[in-house]
Structure formats: C-alpha cells, structure tokens
Amino acid sequence: MEIEESEVWLTDSTALPGAEQTAALMIIGIIILIICFILSFVGLCVPRISLLRVIGALLFLAVILQICALVIYPVRYTSDVAVNLENYLYSWTYGFGWGSTIIMFGCGVFFCCLPNFEDELLGNVKTKYFYTSS
C-alpha cells in the first residue's frame with residue numbers, strides 16, 4: 001500500500017511554508033524585547049542615563065518585525081497548505097502573538113512619552129497647585 005503525497009501529514013512544524021521566516025522574525029523580536037527589558041531597568045533605576053526613547057524605538061522595531069511575522073505566516077499557510085480546506089483555524093498562539101504585539105506597541109508609546117514627564121516623576125520641579133489662596 002503506497003501513501004499518496006496528499007495523505008502525508010506534516011510532523012515538523014518548520015515544514016510548513018513560511019514557518020522558518022516567521023520563527024526567525026519572532027526570535028529577533030524577542031531578543032530585542034529582552035534587550036529592552038534589561039535597558040528599562042538601567043534607564044529607570046539610574047536617572048542620569050536617559051535610555052527611555054531608545055527603548056521606545058527598539059520596541060517599535062520589534063513591533064514591526066512581529067507584525068511582518070504575523071502577516072507572513074497566515075498568507076503563506078493559506079496559499080500553500082489550506083487551499084482545499086473550507087474552514088481552517090489558527091491555534092491560540094496566533095492570537096497570543098497579536099496580543100503581545102499590541103501590548104509591545106503600547107509599551108513603545110509609553111517609553112517614548114515618558115521623558116516628557118521625567119522631571120515631574122523624579123520630583124525635580126516645583127509642585128503646581130490649581131488652587132491659590134488670595
């Protein structure tokens with residue numbers, strides 16, 4: 001009994017089309033995220049070193065890489081593997097990837113806007129009161 005090519009199941013996850021590109025982009029994104037995590041401790045614990053905007057820029061770079069990865073995978077998957085399938089579902093990891101990308105984008109905005117309020121957070125400016133007694 002011979003097994004036809006259409007009956008062979010893919011057991012290796014990297015055998016899927018676009019999986020290697022997606023994995024490479026996601027791994028580069030996680031490495032950039034780890035670097036940002038370490039730099040954020042240095043930038044927030046040592047107030048003399050202002051790394052906050054650099055961290056925000058690196059987070060935006062990681063967001064761009066992850067968006068590319070999250071777009072490449074379903075396009076390649078649906079064009080090569082799921083051609084004859086009427087209904088195909090992605091696993092929960094695909095939604096988790098989009099969720100982490102959105103959160104990373106928010107952190108990038110936070111780190112880019114944080115230097116504007118750095119003096120207020122560190123207590124270097126005089127407190128401004130809305131109510132003044134006359």
Side-chain angles (χ1 to χ4, degrees):
M1 178 175 159
E2 286 187 32
I3 299 175
E4 293 181 22
E5 190 175 321
S6 62
E7 294 178 2
V8 175
W9 288 88
L10 299 174
T11 57
D12 186 14
S13 64
T14 59
L16 294 173
E20 291 175 351
Q21 296 93 346
T22 302
L25 290 172
M26 294 298 272
I27 289 171
I28 292 170
I30 194 83
I31 290 171
I32 293 173
L33 181 64
I34 291 169
I35 291 170
C36 289
F37 184 72
I38 294 168
L39 287 176
S40 68
F41 275 115
V42 172
L44 293 173
C45 292
V46 182
R48 289 167 286 177
I49 301 174
S50 181
L51 297 172
L52 302 179
R53 290 190 197 256
V54 174
I55 295 168
L58 286 174
L59 285 172
F60 285 132
L61 176 66
V63 165
I64 290 170
L65 292 175
Q66 283 194 347
I67 288 175
C68 290
L70 291 169
V71 168
I72 287 172
Y73 182 71
V75 168
R76 294 291 306 269
Y77 179 77
T78 55
S79 67
D80 294 342
V81 175
V83 173
N84 297 326
L85 299 175
E86 291 180 18
N87 294 327
Y88 51 91
L89 299 173
Y90 299 108
S91 68
W92 61 269
T93 56
Y94 186 68
F96 190 76
W98 276 111
S100 67
T101 303
I102 292 169
I103 290 172
M104 196 182 308
F105 179 78
C107 289
V109 170
F110 173 74
F111 275 104
C112 283
C113 294
L114 193 60
N116 296 338
F117 304 102
E118 189 173 10
D119 290 333
E120 286 87 358
L121 292 172
L122 295 175
N124 295 336
V125 293
K126 185 178 176 183
T127 306
K128 298 175 186 175
Y129 296 104
F130 292 112
Y131 176 76
T132 56
S133 60
S134 33

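Count residues from 1 along the sequence. No hydrogens, no waters, no symmetry mates; every other heavy atom, side chains included, goes into these values.
- Smallest separation of non-hydrogen atoms from Phe111 and Ser40: CZ-CB, 3.8 Å.
- When all heavy atoms of Thr22 and Ile72 are compared, the pair lying nearest together is OG1-CG2, 4.1 Å.
- No side-chain donor-acceptor contact under 3.5 Å links Tyr94 to the backbone of Tyr73.
- Both Leu51 and Phe110 belong to a common hydrophobic cluster when Ile, Leu, Val, Met, Phe, Trp and Tyr are linked at side-chain heavy-atom distances under 4.5 angstrom.
- Hydrophobic clustering (ILVMFWY, side-chain heavy atoms < 4.5 Å, transitive): Ile35 and Phe105 are in one cluster.
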Original post:
Under the side chain to side chain contact (heavy atoms under 4.5 Å, CB included) criterion, do Ile55 and Phe37 qualify, and how do the steps go?
Top reply: CA-CA 8 Å; Ile55 295 168; Phe37 184 72; over 6 Å; no
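- Separating the CG atom in Leu33 from the CG atom in Leu65 is a distance of 11.5 Å, to the nearest 0.5 Å.
- Between Val109 and Phe60 the shortest side-chain heavy-atom distance falls below 4.5 Å.
- Taking SG of Cys36 as the start and CD1 of Ile30 as the end, the distance is 11.0 Å to the nearest 0.5 Å.
- Pairing each heavy atom of Met104 with each of Ala62, the nearest pair is SD-CB, 3.4 Å.
- Hydrophobic clustering, with ILVMFWY side chains joined whenever heavy atoms are under 4.5 angstrom apart, keeps Ile103 apart from Ile28.
- One distance of note links CD1 of Ile64 with CG of Leu25; it measures 12.0 Å at 0.5 Å rounding.
- Distance CD1/Ile67 to OG1/Thr101: 6.5 Å, rounded to 0.5 Å.
- Rounding to the nearest 0.5 Å places CE of Met26 at 11.5 Å from SG of Cys68.
- Summarising the geometry of Ala57 relative to Cys112, their closest heavy-atom pair is N-SG, 4.4 Å, with the distance given to 0.1 Å.
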**OP:** Please step through side chain to side chain contact (heavy atoms under 4.5 Å, CB included) for the pair Leu39 and Leu58, ending with a clear verdict.
**Re:** CA-CA 10 Å; Leu39 287 176; Leu58 286 174; 4.1 Å; yes
